[in-house]
A.B. asks: 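The structure follows.
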Amino acid sequence: MKRLVCVSNRISLPRRSAAGGLAVGVLAALQRIGGVWLGWSGETSDEPRAEPEVTVRDNVRYATIDLRSAELDRYYNGFCNSTLWPLFHYATGRFRYEYEDYEAYQAVNAQFARQLAGLLRPDDVVWVHDYQLIPLARYLRRLSFDGPIGFFLHIPFPPLQVLRVLPSHAEIVRDLCQYDLTGFQTEDDLHAFESCLELPAHAIAHVRNGSQLEVDGRTVRLGVYPIGVEADEVASEATEAMGEETVQRLIASLLGRKLIIGVDRLDYTKGLTERFGAFEHFLTTFPDNQGKVTFLQIAPLSRSDVLAYGEIRLALEQVAGRLNGRFGEADWTPVRYINRNFSHATLMGLLRASQVALVTPVRDGMNLVAKEFVAAQDPEDPGVLILSPLAGAARELTGALLVNPYDKRGIALALQTALHMPLGERRRRHEQMLGAVRRHDIHHWYREFLRDLTGERILGDSAAAATKSVDGLPQRESGRSGGRREVGAGRGVQDGSR
Ligand code: F6P
């Protein structure tokens, strides 16, 4: 049986799970199939070790590498999160570009490839995740690995006219053709990528054969694989968490008021300032709700060293303060805005305790909070999902109230509709969405991708996978050595990508 080797920037370590749909999805695949997961440790070091540090838990071998802090700054804060992230989310106003960041991005990718090559066996199947590691296959091929390499993009892919803003756009497109299979969240992302093959001035010579492309003498297949959640596990986590103290205290504190919830990493793509503005408009337009509803926004901080994230944080603090100052009463705070995170199970309980979820990103690859909200509901008395059509999840969750994230009148009206929606309609909408969430769950996602990548079912059950040998690496428990700093590892909140 072939061995699966996943590679991503952020990795979910046994005792320090990471934020994001990527972390949850890859972990689900590896726990079921077994294999290796290589990624950044989340720490910086002045002298990174020559080989990855390895921790084995159950049938997964976690291999982590540290990055130098200057390198991390240009690669992670720079090219990944100030250049590619805004560009891929169509946010050209936030886009920054420095050639040195691009060089660091290439250097870190080359380093990942070297570390990976040291772990690989000839019959391994490699699965690379997300925009931080687009050039990895090119570097790995240079190191003579010729097994299957797949790539999945967890975030949106922009159309040609947006991508062209990046000076090195042609390299990005070409690098995505170095894989055997390149997967996207939605048809829109796939079409956007296809549009980029026709780059003016650098058109990439290719021959098409259905979903296959011949580029530079290689064949790459393109596909759409919408990521999902573990529907049954979310449902049981949510049910159980209703008995948890945190959830019970929240419910008691509401004094019978209805609860609107938002759960997002603090990121300008999540439409949070727009959402707060829309809630303010809702309280103004439908004043009967004043004193009767509470909006809980959970927004753990992320990428705090990137300027745009500091700006959005300030903006949100201002709007939340203004709103509470304007509408608050001695015994009622309209918005509860918190930056701390909760365990995944508690979050699922909080979602179940809410009557309405606001998932209104201005651009999002998928948004797994939307799917988790659906899976966490009591089917007998479900809450209502208000969803942005600019999230990948909107393609599947047609039972949601779809509303443009910039349209505060539309969101205000959707809130009013949701809060007064009759039980029969709530159930009908929820049934549609739950069916979709179950059909395209997390197991469906990785099974489909890996089947298309390998042309076979490499998926053994976890018991079979657990007997695989994992030789060739120094093995040690992940004791944290001095001089290393943990950077931005989160827990619980997922991304649109999540
Ligand atoms: O899905 C998008 C993504 O950037 C993932 O690649 C990442 O794991 C997650 O969001 C969280 O972001 P970060 O690793 O920058 O904290």
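Hydrogens, waters and symmetry mates play no part in the numbers below; they use all other heavy atoms, side chains included. Indexing begins at 1, ligand by ligand and atom by atom, following the structure's order.
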A.B. asks: Please confirm whether W85 comes within less than 3.5 Å of ligand 1 when only nitrogen or oxygen atoms on both sides are compared.
C.D. replies: no
A.B. asks: Between E311 and R94, is the closest basic N to carboxylate O distance under 4.0 Å?
C.D. replies: yes
A.B. asks: From the options R10, H154, R265, select the one whose nearest heavy atom is closest to atom 8 (O) of ligand 1.
C.D. replies: R10
A.B. asks: With a 4.0 Å cut-off on heavy atoms, does H129 reach ligand 1?
C.D. replies: no
A.B. asks: Tell me whether Y131 has any N or O atom under 3.5 angstrom from an N or O of ligand 1.
C.D. replies: yes
A.B. asks: Using the side chain to side chain donor-acceptor pair (under 3.5 Å) rule, pick out the option among H444, H443, E448 that qualifies with Y446.
C.D. replies: H443
A.B. asks: Using a 4.0 Å cutoff against the non-hydrogen atoms of Q132, which atoms of ligand 1 qualify?
C.D. replies: 4 (O), 6 (O)
A.B. asks: Can you check whether Y105 reaches T83 side chain to side chain, under 4.5 Å on heavy atoms?
C.D. replies: no
A.B. asks: State the atoms of ligand 1, each with its element, that fall below the 4.0 Å cut-off from a heavy-atom position in I155.
C.D. replies: 2 (C)
A.B. asks: Can you confirm whether I172 sits close enough to L84 that some side-chain heavy atom of one is under 4.5 Å from a side-chain heavy atom of the other?
C.D. replies: yes
A.B. asks: Output, in order, the C-alpha distance, side-chain angles, deciding distance and verdict of side chain to side chain contact (heavy atoms under 4.5 Å, CB included) for W40 and R10.
C.D. replies: CA-CA 6 Å; W40 171 43; R10 181 77 69 189; 4.0 Å; yes
A.B. asks: Among all residues two or more places apart in sequence or in another chain, which pass the ring pair (Phe, Tyr, Trp, His ring centres under 6.0 Å) test with H129?
C.D. replies: W127, H154
A.B. asks: If you count the atoms of ligand 1 from 1 in the order shown, which ones are under 4.0 Å from a heavy atom of Y76?
C.D. replies: 13 (P), 14 (O), 15 (O), 16 (O)
